[in-house]
Amino acid sequence: MKKMNDVERTIEKLKELIDKNGYDYLTDKPLAVYKELEEAAPDEIITAGAILMLLVCGVWDEAKLIEDREELSGKIQTKCSFNKKMSDKLTDVIQTLYSEDNKAEWNEKREEGLGQFLKSNHTFKWEGFSVWEVGNGTVNCFYNAEIELHPTKKAGQNKNLQKLLKKNPFMTKESIREFYENKLKEYLDSEFEEYCTCDDYYEPVVEDFELTYDVEHWCKENGFEVVSCEGEGRDGGYEPKFRRGW
């Protein structure tokens with residue numbers, strides 16, 4: 001197997017960053033890109049610095065559209081005042097990175113993670129906690145649940161998810177699952193808090209929390225079907241705030 005030189009490692013790292021974070025990551029996070037390049041190819045730190053300049057000064061997006069090698073190298077020389085040797089090297093980096101093969105691969109991978117997500121069932125675990133409190137005591141409330149859901153087409157149309165996919169069309173199935181896991185946990189946390197604290201005079205019967213009802217409501221709003229939903233609630237008992245000493 002042929003050993004990569006530092007320029008090839010630089011190109012590989014740039015592709016890896018796009019594969020993971022989307023087309024716009026390089027120009028959105030130029031300093032983070034520079035640090036990644038510095039670590040991947042420490043002997044090419046000058047090249048990494050030149051790439052940082054291209055990203056920061058707005059030349060990168062323009063440069064990656066130019067197909068003619070001499071035209072691109074000249075553009076980089078003019079815009080950034082690099083010598084021809086560096087401009088030629090940067091031209092090689094850009095044209096190799098945005099080769100037809102890589103563009104075809106990225107096009108094929110576009111929203112691949114969303115497709116995988118929509119085909120699978122997903123199990124979410126939730127741990128609820130709230131405190132019911134009166135003037136002279138508290139009750140700690142707990143709930144543990146395991147919920148299995150299947151996404152419908154509507155789940156892929158969520159506006160906030162679509163914004164994330166527009167930013168990074170290569171979001172993985174796991175990242176999309178995490179997006180919905182956070183939404184579900186936030187919703188159940190809110191419902192459990194309201195259930196446990198809604199009455200100031202009667203402590204909550206935690207085991208009667210209507211988990212299935214709330215999950216079904218969330219699924220209706222977010223485009224999921226319930227496969228299974230199991231949970232168990234408990235409390236830590238009444239704890240007086242003040243204990244009389246003897």
Are Phe224 and His122 an aromatic pair by the rule of ring centers under 6.0 Å?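 They do not qualify: ring centres at least 6.0 Å apart.
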Do any pairs count as a ring pair (Phe, Tyr, Trp, His ring centres under 6.0 Å) and have a residue in residues 8-28, sequence neighbours left out, and if so which ones?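 Residue pairs passing ring pair (Phe, Tyr, Trp, His ring centres under 6.0 Å), neighbours aside: Tyr23-Phe170.
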Hey, are [X] and [Y] close enough for a salt bridge, meaning a charged N less than 4.0 Å from a carboxylate O?
X	Y	value
Glu207	Arg234	no
Lys154	Glu225	no
Lys15	Glu105	yes
Lys20	Glu16	no

Any donor-acceptor pair under 3.5 Å from [X] side chain to [Y] backbone:
X	Y	result
Asn107	Lys103	no
Ser81	Gln77	no
Tyr180	Ala155	yes
Ser190	Glu186	no
Thr78	Gly74	yes

Out of curiosity, does Ile46 fall in the hydrophobic cluster containing Ile11 (side-chain heavy atoms, cut-off under 4.5 Å, transitive links)?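 Linked within one cluster.
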Can you say whether the rings of Phe129 and Phe142 are parallel (under 30°), tilted (30 to 60°) or perpendicular (over 60°)?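 Ring orientation of Phe129 relative to Phe142: tilted.
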Hey, mind stepping through Leu37 and Glu44 against side chain to side chain contact (heavy atoms under 4.5 Å, CB included) and telling me if it holds? CA-CA 8 Å; Leu37 294 178; Glu44 281 294 327; over 6 Å; no
Please walk me through it: do Arg177 and Glu181 pass salt bridge (Lys or Arg N to Asp or Glu O under 4.0 Å)? CA-CA 6 Å; Arg177 180 195 175 283; Glu181 182 176 47; 3.3 Å; yes
Return yes if a side-chain donor-acceptor contact under 3.5 Å exists between Trp132 and Asp199, otherwise no.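 Not at all, the side chains of Trp132 and Asp199 share no donor-acceptor pair under 3.5 Å.
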Please assess Thr197 against Ser130 for the test side chain to side chain contact (heavy atoms under 4.5 Å, CB included), listing each intermediate value before the final yes or no. CA-CA 8 Å; Thr197 60; Ser130 182; 3.7 Å; yes
Around [X], counting heavy atoms of other residues, nucleotides and ligands shown, do more than 12 lie under 6.0 Å from its [atom1]?
X	atom1	value
Met86	CE	yes
Glu232	CD	no
Glu210	CD	no
Glu127	CD	no
Gln157	CD	yes
Glu230	CD	no
Lys29	NZ	no
Lys35	NZ	no

Derivation and outcome, side chain to side chain donor-acceptor pair (under 3.5 Å), residues Asp19 and Trp106: CA-CA 7 Å; Asp19 287 347; Trp106 288 328; 2.7 Å; yes
Per the side-chain contact (heavy atoms from CB on, under 4.5 Å) rule, which among Trp126, Tyr143, Phe124, Trp218 passes with Leu188?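 Per the side-chain contact (heavy atoms from CB on, under 4.5 Å) rule, the option paired with Leu188 is Trp126, out of Trp126, Tyr143, Phe124, Trp218.
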Please identify each residue that fulfils side chain to side chain contact (heavy atoms under 4.5 Å, CB included) with Asp101, with sequence neighbours left out.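 For Asp101 the side chain to side chain contact (heavy atoms under 4.5 Å, CB included) partners, ignoring immediate neighbours, are Ser99.
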With sequence neighbours left out, what residues match Glu38 under side chain to side chain contact (heavy atoms under 4.5 Å, CB included)?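 Once residues adjacent in sequence are excluded, the partners of Glu38 under the side chain to side chain contact (heavy atoms under 4.5 Å, CB included) criterion are Tyr34, Ile45.
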Roughly how far, to the nearest 0.5 Å, is CD of Glu193 from SG of Cys141?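 Nearest 0.5 Å value for the SG-CD distance: 9.0 Å.
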